[in-house]
Amino acid sequence: VESVIVDESGEDGVIIKADTIGGLEALRHLLQGKNIPVSSSSLGDLTKNDLSRLDSVPDERYAVILGFNVKIAPELQDFIKTKGFAIITNTIIYQIIEEYEKYGQSLQQKGELRELAAIVRPCKFSILKGYIFRQNNPAVVGVEIEIGKIKTGDPIMNTEGKRITFVKSLQENQEAVTEASQGKQVALAMDSVTVGRQINEGDYLYTDISEENFKKLKELKKHLSAREIEVLKEVAEIKRRESPLWGMG
């Protein structure tokens, strides 16, 4: 069946296709019931022209073609795979809606994990006794990550809530790494501190979480472990000794 544009609103929304006008209207009606906008609808099997329109959709949530009872030509499969286009087709209309909702949930989760990767996560770690490799410029010590995850560039605070330094670099088994997670023992390099002054063997230290990051971590706490949430609470308690309303605004 030749593809025929039935309408095109030009607004953000998914692209829908079906083999009949009745199927197209049924799909549109179900999407409207779920508050999912439609930017355009057309009859017929999927074409390369349909696919090319996905490149110009700015919102990833709507860069999707939903097809009811339509076919995808074999020669388009490689093009779809190479471009990574989101195409959802089915002969059962309700399954199209279910698959699209799952796709939306997957996008949301990926977005949240990207946000989480960009901020300072809660981490509590200890300086191992007998593993002082260098006292300063930079100080290099062996640490064990007790809870959470730490990465290069993260700020570090002591148990009084004072920021003392940043993670300059991390090494595991003499190889550079960009992060270390719970249970790992790594060598950690830090500028602006001296072992025996600002830090000592056996000390517990934390990642220094800003109020902004604290609020974001609370929003994303479903992606944190129970122990990371405990450390987040510990950090808040430490901060509130100096500023009782810290993180509450």
Side-chain angles (χ1 to χ4, degrees), residues 109-248:
Q109 184 173 36
K110 286 177 184 175
E112 289 173 349
L113 291 174
R114 280 196 298 268
E115 279 189 89
L116 194 58
I119 62 178
V120 178
R121 289 180 71 143
C123 181
K124 182 178 183 179
F125 60 99
S126 60
I127 299 176
L128 295 168
K129 293 181 179 179
Y131 288 90
I132 306 301
F133 304 114
R134 186 169 175 162
Q135 282 195 296
N136 57 20
N137 296 323
V140 182
V141 299
V143 302
E144 179 166 3
I145 309 302
E146 303 277 341
I147 302 171
K149 182 182 291 185
I150 198 167
K151 61 184 183 296
T152 52
D154 280 352
I156 297 171
M157 73 176 199
N158 59 22
T159 52
E160 280 73 52
K162 180 183 177 183
R163 180 173 295 187
I164 55 172
T165 186
F166 291 82
V167 179
K168 183 174 185 179
S169 64
L170 296 162
Q171 280 196 350
E172 184 180 4
N173 299 323
Q174 298 184 330
E175 289 190 9
V177 294
T178 57
E179 65 177 35
S181 53
Q182 187 171 309
K184 294 285 187 180
Q185 292 186 344
V186 295
L188 189 155
M190 299 169 278
D191 279 327
S192 306
V193 291
T194 299
V195 178
R197 293 183 183 173
Q198 294 89 353
I199 57 172
N200 291 285
E201 291 180 306
D203 279 357
Y204 280 96
L205 300 171
Y206 296 83
T207 47
D208 189 6
I209 297 167
S210 68
E211 277 193 274
E212 184 182 355
N213 278 186
F214 177 75
K215 291 168 186 174
K216 181 58 68 178
L217 286 164
K218 284 172 69 177
E219 291 173 14
L220 300 173
K221 68 179 181 181
K222 66 181 177 183
H223 299 296
L224 301 177
S225 69
R227 297 193 73 192
E228 281 182 297
I229 292 170
E230 286 175 19
V231 171
L232 195 59
K233 289 177 181 176
E234 282 184 42
V235 170
E237 286 171 8
I238 291 168
K239 295 285 190 180
R240 286 169 189 162
R241 291 174 197 160
E242 286 288 327
S243 178
L245 297 179
W246 187 89
M248 293 183 179

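Because the structure is predicted, anything quoted here is derived from the model rather than measured.
Side-chain contact check for Leu220 versus Glu115: some heavy-atom pair is nearer than 4.5 Å. Side chains of Ile199 and Met190 form a contact here, defined as non-hydrogen atoms less than 4.5 Å apart. Looking only at side-chain heavy atoms (C-beta outward), Ile238 and Met157 come within less than 4.5 Å of each other. Taking the side chain as every heavy atom from C-beta outward, Asn136 and Val193 never approach each other to under 4.5 Å. Considering only heavy atoms from C-beta on, Val143 comes within 4.5 Å of Val186 through its side chain. At least one side-chain heavy atom of Phe214 sits under 4.5 Å from a side-chain heavy atom of Leu232. Residues Val120 and Asp208 form no side-chain contact, since every pair of their non-hydrogen atoms from C-beta on lies 4.5 Å or further apart. No side-chain heavy atom of Glu146 sits under 4.5 Å from any side-chain heavy atom of Arg227.
Atom CZ of Arg163 has more than 12 neighbouring heavy atoms from other residues, nucleotides or ligands inside a 6.0 Å radius.
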Steps toward side-chain contact (heavy atoms from CB on, under 4.5 Å) verdict (His223, Gln109): CA-CA 9 Å; His223 299 296; Gln109 184 173 36; 3.8 Å; yes
Trace of the side-chain contact (heavy atoms from CB on, under 4.5 Å) decision for Gln135 with Val195: CA-CA 5 Å; Gln135 282 195 296; Val195 178; 4.3 Å; yes
Step-by-step side-chain contact (heavy atoms from CB on, under 4.5 Å) determination, Leu188 to Ile127: CA-CA 9 Å; Leu188 189 155; Ile127 299 176; over 6 Å; no
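What you find for Val140 and Ala187 is that their closest heavy atoms are CG1-CB, 4.4 Å. The two residues Ile150 and Cys123 make their nearest non-hydrogen contact at CB-SG, 3.8 Å. Closest approach of Lys184 to Glu172, counting heavy atoms only: NZ-OE2, 3.2 Å.
Of the possible donor and acceptor atoms, none in the side chain of Asn173 sits under 3.5 Å from a partner among the backbone N and O of Glu175. For the pair Asp154 (side chain) and Lys151 (backbone), a donor-acceptor distance under 3.5 Å is present. Of the possible donor and acceptor atoms, one in the side chain of Arg240 sits under 3.5 Å from a partner among the backbone N and O of Trp246. Side-chain atoms of Thr207 come within 3.5 Å of backbone atoms of Arg121 as a donor-acceptor pair (strictly under, hydrogens ignored).
To the nearest 0.5 Å, the span separating CG on Leu170 from OG1 on Thr152 amounts to 6.5 Å. The structure places OH of Tyr204 at 15.0 Å from CG of Asn158, a figure rounded to the nearest 0.5 Å. Here NZ of Lys215 is found 13.0 Å from CD1 of Ile119. Values are rounded to the nearest 0.5 Å. From Leu245, atom CG reaches atom NZ of Lys239 across 15.0 Å, with rounding to the nearest 0.5 Å. Between Leu128 atom CG and Glu201 atom CD the span is 9.0 Å, to the nearest 0.5 Å. Between atom CG of residue Asn200 and atom CD1 of residue Ile132 there is a gap of 8.5 Å, rounded to the nearest 0.5 Å.
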